[in-house]
Amino acid sequence: MREGYEGTGPGAITPDGCAVELYSRLPVRDEPDIITAAVPAGAHILELGCGVGRMTHPLLERGFTVTAVDESAEMLDRVRGARTVCGPIEDLELDETFDVVMLASFLVHAGDEEVRRGMLRTCVRHVAEGGCVLIQREGEDYHTDLPRERVDPSGFTTRILSAEPVGDGVDSVRAEYVFPDAIWTQTFRSRPLTKEQFEQALAEAGLRVDRYLTEDGIWVRAVRR
(Lines give C-alpha, C1' and ligand atoms only; values in the text may rest on other atoms or scores of the structure.)
Protein backbone atom coordinates (compact mmCIF):
# COMPACT_ATOMS: atom_id res chain seq x y z
CA MET A 1 0.00 0.00 0.00
CA ARG A 2 1.07 3.58 -0.62
CA GLU A 3 1.63 5.48 2.62
CA GLY A 4 -1.62 6.98 3.91
CA TYR A 5 -3.83 4.83 1.66
CA GLU A 6 -6.05 2.00 2.82
CA GLY A 7 -9.07 0.03 1.67
CA THR A 8 -11.41 -2.52 3.21
CA GLY A 9 -14.06 -4.84 1.79
CA PRO A 10 -14.33 -7.95 -0.35
CA GLY A 11 -11.74 -8.73 -3.02
CA ALA A 12 -8.39 -7.31 -4.05
CA ILE A 13 -7.34 -3.85 -2.84
CA THR A 14 -4.92 -1.78 -4.95
CA PRO A 15 -1.91 0.19 -3.60
CA ASP A 16 -4.03 3.37 -3.40
CA GLY A 17 -6.85 1.69 -1.47
CA CYS A 18 -9.25 1.05 -4.36
CA ALA A 19 -11.27 -2.17 -4.30
CA VAL A 20 -11.29 -3.96 -7.66
CA GLU A 21 -14.73 -5.49 -7.15
CA LEU A 22 -16.20 -2.15 -6.07
CA TYR A 23 -14.94 -0.33 -9.15
CA SER A 24 -16.32 -3.12 -11.32
CA ARG A 25 -19.76 -2.27 -9.92
CA LEU A 26 -19.64 1.54 -10.09
CA PRO A 27 -21.65 2.98 -13.00
CA VAL A 28 -20.29 5.25 -15.71
CA ARG A 29 -21.88 8.69 -15.73
CA ASP A 30 -21.41 11.45 -18.31
CA GLU A 31 -17.61 11.30 -18.46
CA PRO A 32 -17.40 9.51 -21.85
CA ASP A 33 -19.70 12.15 -23.38
CA ILE A 34 -17.53 14.98 -21.99
CA ILE A 35 -14.40 13.33 -23.38
CA THR A 36 -15.96 12.61 -26.77
CA ALA A 37 -17.01 16.24 -27.18
CA ALA A 38 -13.49 17.50 -26.38
CA VAL A 39 -11.30 15.39 -28.68
CA PRO A 40 -11.15 14.40 -32.37
CA ALA A 41 -13.18 11.42 -33.52
CA GLY A 42 -11.19 8.21 -33.57
CA ALA A 43 -8.33 9.65 -31.51
CA HIS A 44 -5.77 7.40 -29.83
CA ILE A 45 -6.15 7.97 -26.10
CA LEU A 46 -3.59 7.19 -23.41
CA GLU A 47 -5.72 6.60 -20.32
CA LEU A 48 -3.68 6.98 -17.14
CA GLY A 49 -5.20 5.23 -14.14
CA CYS A 50 -7.79 3.26 -16.10
CA GLY A 51 -8.81 0.95 -13.25
CA VAL A 52 -11.18 -1.78 -14.40
CA GLY A 53 -11.99 0.08 -17.63
CA ARG A 54 -15.13 1.96 -16.56
CA MET A 55 -14.30 4.70 -19.08
CA THR A 56 -12.09 2.57 -21.32
CA HIS A 57 -14.94 0.41 -22.53
CA PRO A 58 -17.39 3.24 -23.40
CA LEU A 59 -14.58 5.06 -25.23
CA LEU A 60 -13.80 1.94 -27.27
CA GLU A 61 -17.49 1.70 -28.12
CA ARG A 62 -17.33 5.29 -29.41
CA GLY A 63 -14.57 4.38 -31.87
CA PHE A 64 -11.49 5.52 -29.97
CA THR A 65 -8.29 3.51 -29.67
CA VAL A 66 -7.22 3.28 -26.03
CA THR A 67 -3.96 2.37 -24.34
CA ALA A 68 -4.92 1.76 -20.72
CA VAL A 69 -2.40 2.19 -17.88
CA ASP A 70 -2.77 1.19 -14.24
CA GLU A 71 -0.42 0.10 -11.47
CA SER A 72 -2.79 -2.73 -10.46
CA ALA A 73 -2.64 -5.96 -12.44
CA GLU A 74 -5.93 -7.00 -10.81
CA MET A 75 -7.62 -3.89 -12.22
CA LEU A 76 -6.15 -4.44 -15.69
CA ASP A 77 -7.45 -8.02 -15.72
CA ARG A 78 -10.95 -6.53 -16.05
CA VAL A 79 -10.07 -4.41 -19.12
CA ARG A 80 -11.18 -5.77 -22.50
CA GLY A 81 -10.40 -4.59 -26.02
CA ALA A 82 -7.58 -2.18 -25.17
CA ARG A 83 -3.82 -2.46 -25.02
CA THR A 84 -2.85 -2.45 -21.34
CA VAL A 85 0.31 -1.36 -19.52
CA CYS A 86 0.93 -2.16 -15.83
CA GLY A 87 3.02 0.26 -13.78
CA PRO A 88 3.02 3.54 -11.83
CA ILE A 89 1.85 6.51 -13.90
CA GLU A 90 4.66 8.77 -12.71
CA ASP A 91 7.30 6.37 -14.07
CA LEU A 92 5.71 5.65 -17.46
CA GLU A 93 8.03 5.79 -20.49
CA LEU A 94 6.39 4.39 -23.64
CA ASP A 95 8.58 6.20 -26.19
CA GLU A 96 5.50 7.14 -28.23
CA THR A 97 2.94 9.93 -28.25
CA PHE A 98 -0.85 10.04 -28.34
CA ASP A 99 -3.55 12.37 -29.64
CA VAL A 100 -5.04 12.54 -26.15
CA VAL A 101 -3.64 11.83 -22.70
CA MET A 102 -6.23 11.45 -19.95
CA LEU A 103 -5.60 11.85 -16.22
CA ALA A 104 -8.97 11.28 -14.54
CA SER A 105 -10.10 10.11 -11.08
CA PHE A 106 -8.74 13.24 -9.34
CA LEU A 107 -5.19 11.86 -9.67
CA VAL A 108 -3.87 15.40 -10.13
CA HIS A 109 -4.70 15.90 -6.43
CA ALA A 110 -2.17 13.29 -5.28
CA GLY A 111 -1.05 14.10 -1.75
CA ASP A 112 2.61 13.65 -2.66
CA GLU A 113 3.60 16.65 -4.78
CA GLU A 114 6.42 14.72 -6.43
CA VAL A 115 3.95 12.06 -7.53
CA ARG A 116 1.70 14.76 -8.99
CA ARG A 117 4.64 16.37 -10.78
CA GLY A 118 5.64 12.97 -12.13
CA MET A 119 2.13 12.31 -13.41
CA LEU A 120 1.98 15.66 -15.19
CA ARG A 121 5.43 15.11 -16.69
CA THR A 122 4.13 11.76 -17.99
CA CYS A 123 1.22 13.59 -19.63
CA VAL A 124 3.56 16.07 -21.33
CA ARG A 125 5.98 13.34 -22.37
CA HIS A 126 3.27 11.33 -24.12
CA VAL A 127 1.03 13.94 -25.74
CA ALA A 128 1.56 14.44 -29.46
CA GLU A 129 2.25 17.82 -31.06
CA GLY A 130 -1.15 19.43 -31.42
CA GLY A 131 -2.71 16.95 -28.99
CA CYS A 132 -4.35 17.59 -25.65
CA VAL A 133 -4.42 16.43 -22.05
CA LEU A 134 -7.77 15.89 -20.30
CA ILE A 135 -7.68 16.23 -16.52
CA GLN A 136 -10.40 15.65 -13.93
CA ARG A 137 -10.22 17.92 -10.87
CA GLU A 138 -12.05 17.83 -7.56
CA GLY A 139 -15.02 20.15 -7.13
CA GLU A 140 -14.47 23.34 -5.15
CA ASP A 141 -16.29 22.03 -2.06
CA TYR A 142 -14.91 18.49 -2.21
CA HIS A 143 -13.05 18.86 1.12
CA THR A 144 -15.55 21.11 2.89
CA ASP A 145 -19.07 19.86 2.09
CA LEU A 146 -18.80 17.01 4.58
CA PRO A 147 -20.10 14.57 5.44
CA ARG A 148 -22.16 14.03 2.30
CA GLU A 149 -23.76 11.11 0.55
CA ARG A 150 -25.30 10.20 -2.77
CA VAL A 151 -27.82 7.43 -3.27
CA ASP A 152 -27.41 5.92 -6.73
CA PRO A 153 -30.56 4.96 -8.66
CA SER A 154 -29.20 1.42 -8.89
CA GLY A 155 -29.43 1.05 -5.13
CA PHE A 156 -26.07 1.76 -3.47
CA THR A 157 -24.87 4.73 -1.39
CA THR A 158 -21.61 6.63 -1.68
CA ARG A 159 -20.51 8.62 1.37
CA ILE A 160 -17.57 10.99 1.72
CA LEU A 161 -17.25 10.90 5.48
CA SER A 162 -14.33 13.16 6.36
CA ALA A 163 -11.26 15.05 5.17
CA GLU A 164 -8.80 15.44 8.02
CA PRO A 165 -5.62 17.54 7.65
CA VAL A 166 -2.41 15.50 7.95
CA GLY A 167 0.06 18.32 7.30
CA ASP A 168 1.64 20.16 4.36
CA GLY A 169 -1.76 21.08 2.92
CA VAL A 170 -2.85 17.46 2.52
CA ASP A 171 -6.07 15.85 3.77
CA SER A 172 -6.77 12.23 4.61
CA VAL A 173 -10.13 11.56 2.96
CA ARG A 174 -12.36 8.67 4.01
CA ALA A 175 -15.06 7.30 1.72
CA GLU A 176 -17.62 4.53 2.15
CA TYR A 177 -19.62 2.60 -0.45
CA VAL A 178 -22.63 0.69 0.84
CA PHE A 179 -24.27 -1.97 -1.35
CA PRO A 180 -27.06 -4.32 -0.28
CA ASP A 181 -24.58 -7.20 -0.09
CA ALA A 182 -21.24 -5.56 0.71
CA ILE A 183 -19.52 -2.47 2.14
CA TRP A 184 -16.21 -1.02 0.99
CA THR A 185 -14.19 1.82 2.50
CA GLN A 186 -11.27 3.76 1.11
CA THR A 187 -8.88 6.15 2.84
CA PHE A 188 -6.63 8.23 0.62
CA ARG A 189 -4.57 11.40 0.68
CA SER A 190 -5.62 14.37 -1.38
CA ARG A 191 -4.17 17.85 -1.81
CA PRO A 192 -6.84 20.52 -2.41
CA LEU A 193 -5.88 22.82 -5.30
CA THR A 194 -7.52 26.15 -6.02
CA LYS A 195 -7.97 27.04 -9.66
CA GLU A 196 -4.85 29.20 -9.44
CA GLN A 197 -2.80 26.45 -7.78
CA PHE A 198 -4.00 23.93 -10.36
CA GLU A 199 -3.05 26.18 -13.26
CA GLN A 200 0.34 26.85 -11.67
CA ALA A 201 0.94 23.10 -11.34
CA LEU A 202 0.17 22.71 -15.03
CA ALA A 203 2.49 25.58 -15.92
CA GLU A 204 5.35 24.01 -13.98
CA ALA A 205 4.91 20.87 -16.09
CA GLY A 206 4.75 22.79 -19.38
CA LEU A 207 0.97 22.78 -19.82
CA ARG A 208 -1.72 25.45 -19.89
CA VAL A 209 -5.49 25.34 -19.72
CA ASP A 210 -7.08 25.42 -23.15
CA ARG A 211 -10.58 25.47 -21.70
CA TYR A 212 -12.69 24.18 -18.85
CA LEU A 213 -15.06 21.59 -20.27
CA THR A 214 -17.74 21.68 -17.57
CA GLU A 215 -19.38 24.55 -15.72
CA ASP A 216 -18.11 23.28 -12.39
CA GLY A 217 -14.53 23.29 -13.70
CA ILE A 218 -14.00 19.62 -12.88
CA TRP A 219 -13.03 18.57 -16.42
CA VAL A 220 -10.23 20.48 -18.10
CA ARG A 221 -8.64 20.40 -21.55
CA ALA A 222 -4.97 21.35 -21.39
CA VAL A 223 -2.33 21.77 -24.12
CA ARG A 224 1.42 22.31 -24.23
CA ARG A 225 2.59 25.80 -23.33
Side-chain angles (χ1 to χ4, degrees), residues 1-32 34-35 44-62 64-94 96 98 100-112 115-116 118-123 125-126 133-138 152 154 156 158 160 172-179 181-190 218-219:
M1 300 296 294
R2 291 179 180 245
E3 183 180 357
Y5 294 74
E6 181 183 5
T8 67
I13 305 293
T14 68
D16 59 355
C18 295
V20 175
E21 181 60 34
L22 166 64
Y23 277 82
S24 297
R25 296 187 184 200
L26 295 179
V28 179
R29 307 198 192 283
D30 60 351
E31 294 98 333
I34 294 169
I35 296 161
H44 192 171
I45 299 174
L46 176 64
E47 183 185 2
L48 303 174
C50 66
V52 297
R54 290 174 55 246
M55 284 195 276
T56 314
H57 299 137
L59 292 172
L60 290 170
E61 291 170 2
R62 286 162 168 78
F64 297 105
T65 301
V66 182
T67 293
V69 178
D70 204 276
E71 69 177 344
S72 166
E74 292 91 346
M75 287 283 195
L76 289 176
D77 283 344
R78 307 291 182 104
V79 176
R80 298 289 181 267
R83 169 194 177 195
T84 59
V85 179
C86 188
I89 295 168
E90 58 269 30
D91 298 332
L92 188 68
E93 290 270 9
L94 294 182
E96 59 186 290
F98 300 80
V100 180
V101 179
M102 188 166 70
L103 186 68
S105 301
F106 308 145
L107 292 174
V108 75
H109 291 272
D112 186 326
V115 170
R116 182 195 70 211
M119 289 179 174
L120 290 175
R121 285 194 295 266
T122 293
C123 292
R125 193 161 54 241
H126 291 89
V133 179
L134 301 185
I135 301 173
Q136 185 183 24
R137 303 170 58 222
E138 294 172 343
D152 192 84
S154 64
F156 72 91
T158 300
I160 307 298
S172 176
V173 181
R174 182 171 172 81
E176 181 180 68
Y177 304 84
V178 180
F179 285 73
D181 62 336
I183 297 175
W184 284 273
T185 70
Q186 183 182 8
T187 301
F188 58 96
R189 291 192 174 178
S190 176
I218 288 178
W219 278 93

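- A distance of 10.0 Å separates CG of Asp91 from CZ of Arg121, quoted to the nearest 0.5 Å.
- Between the side chain of Arg62 and the main chain of Pro58, a donor-acceptor pair closer than 3.5 Å is present.
- Using modelled atom types, no side-chain atom of Arg116 and backbone atom of Gly111 make a donor-acceptor pair closer than 3.5 Å.
- Checking side-chain atoms of Asp70 against main-chain N and O of Met75 turns up no donor-acceptor pair under 3.5 Å.
- The minimum heavy-atom distance linking Cys86 with Ser72 is given by the pair SG-C, 4.2 Å.
- In terms of modelled atom types and a separation under 3.5 Å, the side chain of His44 and the main chain of Val66 share no donor-acceptor contact.
- The distance from atom CG of Leu94 to atom CZ of Arg125, rounded to the nearest 0.5 Å, is 9.0 Å.
- Nearest heavy-atom pair, Glu71 versus Pro15, reported as atom, atom and distance to 0.1 Å: OE2-CB, 3.7 Å.
- The shortest heavy-atom contact between Pro10 and Glu21 is O-CB, 4.2 Å.
- Just one residue in the list Tyr177, Phe156, Tyr23, Phe179 forms a ring pair (Phe, Tyr, Trp, His ring centres under 6.0 Å) with Trp184, and that residue is Phe179.
- Distance CD/Glu31 to CH2/Trp219: 6.0 Å, rounded to 0.5 Å.
- A donor-acceptor pair is defined here as one N or O able to donate and one able to accept, closer than 3.5 Å; such a pair exists between the side chain of His57 and the backbone of Arg80.
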Evaluate the criterion side-chain contact (heavy atoms from CB on, under 4.5 Å) for residue pair Val20 and Val52; output intermediate values, then yes/no. CA-CA 7 Å; Val20 175; Val52 297; 4.1 Å; yes

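- In this structure, CG in Leu46 is found 10.0 Å from CG in Leu103, a value given to the nearest 0.5 Å.
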side-chain contact (heavy atoms from CB on, under 4.5 Å), that's the test. Do Leu120 and Ile135 meet it? Break it down for me. CA-CA 10 Å; Leu120 290 175; Ile135 301 173; 4.1 Å; yes

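- In this structure, Ser105 OG and Glu47 CD are separated by 8.0 Å, a value rounded to the nearest 0.5 Å.
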Using the side-chain contact (heavy atoms from CB on, under 4.5 Å) rule, take Leu48 and Cys123 through it: C-alpha gap first, then chi angles, then the decisive distance, then the call. CA-CA 9 Å; Leu48 303 174; Cys123 292; 3.8 Å; yes

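- The shortest side-chain heavy-atom distance between Cys50 and Val69 does not fall under the 4.5 Å cut-off.
- Judged by distance alone, the side chains of Asp152 and Ser154 do bring a donor and an acceptor atom under 3.5 Å apart.
- Nearest heavy-atom pair across Met1 and Tyr5 is CE-O, 3.5 Å.
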Take Thr187 and Val173, measure what side-chain contact (heavy atoms from CB on, under 4.5 Å) needs, and give me the verdict at the end. CA-CA 6 Å; Thr187 301; Val173 181; over 6 Å; no

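- For the pair Arg2 (side chain) and Arg189 (backbone), a donor-acceptor distance under 3.5 Å is absent.
- Residues Thr65 and Ile45 are not in side-chain contact: their nearest non-hydrogen atoms beyond the backbone lie 4.5 Å or more apart.
- Minimum heavy-atom separation, Phe106 to Arg137: CE2-O, 3.0 Å.
- Of all heavy-atom pairs spanning Ser24 and Arg78, the tightest one is OG-NH1, 2.7 Å.
- Interatomic distance, Glu176 CD to Thr185 OG1, rounded to the nearest 0.5 Å: 7.5 Å.
- In terms of modelled atom types and a separation under 3.5 Å, the side chain of Glu61 and the main chain of Leu59 share no donor-acceptor contact.
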